Every structure is written in structure tokens, then in C-alpha cells.
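A short write-up of the structure that comes next.
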Amino acid sequence: MKILLGSLLLLFALNTALWGQMKADTTGCGWRDLAPTQFKKLLADSVVTLIDVRTSAEYHAGHIEGARNIDVRKPDFDKQITGLKADRPVAVYCKGGVRSRVAARKLVQKGFRVYNLDKGYLSWPDKLKK
């Protein structure tokens, strides 16, 4: 009985440790998901290129101050990101976090260091209306 209980505890501990590593690594995708407070600190503390990957209409309805709008669903997205400075980190966001992960994947493939706003613009506390 003690061996069974010890084995179960060991399996639980290993599972917890592995899950924590996977979550912290953002599934090994090459970019980092940041909570809004971390994302805000990144924007304040470093020279970063901020990209809103939503549609133009979404961008004009409200966006994070200083963001450049490059719609990830447009055919020229890849062409537009080639004009970015490769030595600067890139921070991306969309409405809820799905499109920005698509953009992050493309940017990582081009060699950029990328940060993604987890849960997107919906989670951003300081929305800028136009």
C-alpha cells in the first residue's frame, strides 16, 4: 500500500513539473505569451515594435497606443513584416490571442524575438479609442 501511494505521488509530482515546464515555454513555439501587466512593462522598458494584427476596422475602433496595424489575414502580411527592424523585439496582439499567435509564428520563422499579449486586446486595461 505504501509503495502504491508513493508511486502515485511520484507520478503526480512528475506530471505537475512537466506541465509547468510546457506552460512556461509556451509549448516550445519560439515566442513568449505575456499577461497584460508584463506586456505593458515590456512596452515601457524597451525599444519594441508593437504590431496590432487585427483588421483596419478593429484597429480604428481602438488600439494600444503606439501600435502599427499590419493585418495578419492580408496577403501582403509577410511582405510588410520584412520591413521591420530585425534587431528589435516585436510585440503582437489581436482581439483574443488567436491571430496574434499566427503572426508570432510567422515572425519567429523570420528570425524575430516575439512577445504576444495573452488573451489579446480584450485583456488590455488601457484601451485607446479613436
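Nothing here was measured: the structure is a model prediction, and the numbers come from that model.
Thr37 is not listed as a side-chain neighbour of Lys41, based on a closest heavy-atom distance of 4.5 Å or more. Here the side chains of Lys119 and Trp124 are not in contact, with every heavy-atom distance at 4.5 Å or above. With contacts defined as side-chain heavy-atom distances shorter than 4.5 Å, the pair Arg68/Leu84 qualifies.
Closest of all the heavy-atom pairs between His63 and Tyr93 is CB-OH, 3.3 Å. Val47 approaches Pro89 most closely through the heavy-atom pair O-CD, 3.4 Å. Across Ala91 and Leu42, no two heavy atoms sit closer than the pair CB-CD2, 4.2 Å.
Between Asp118 and Arg32 there is no salt bridge, since none of the side-chain N atoms of the basic residue sits less than 4.0 Å from a carboxylate O of the acidic one. Under 4.0 Å is where a charged nitrogen must lie from a carboxylate oxygen, and between Arg54 and Asp52 at least one such pair does.
Within the 3.5 Å criterion, the main-chain N or O of Ala67 finds a donor-acceptor partner in the side chain of Tyr59.
Checking each of Leu50, Asp33, Asn116 against Phe39 for a side-chain contact (heavy atoms from CB on, under 4.5 Å) leaves exactly one that passes, namely Leu50. Partner of Leu117 under the side-chain contact (heavy atoms from CB on, under 4.5 Å) criterion, chosen from Cys94, Ser100, Ser123: Ser123.
Atom CD1 of Ile70 and atom CG of Asp76 lie 9.0 Å apart (nearest 0.5 Å).
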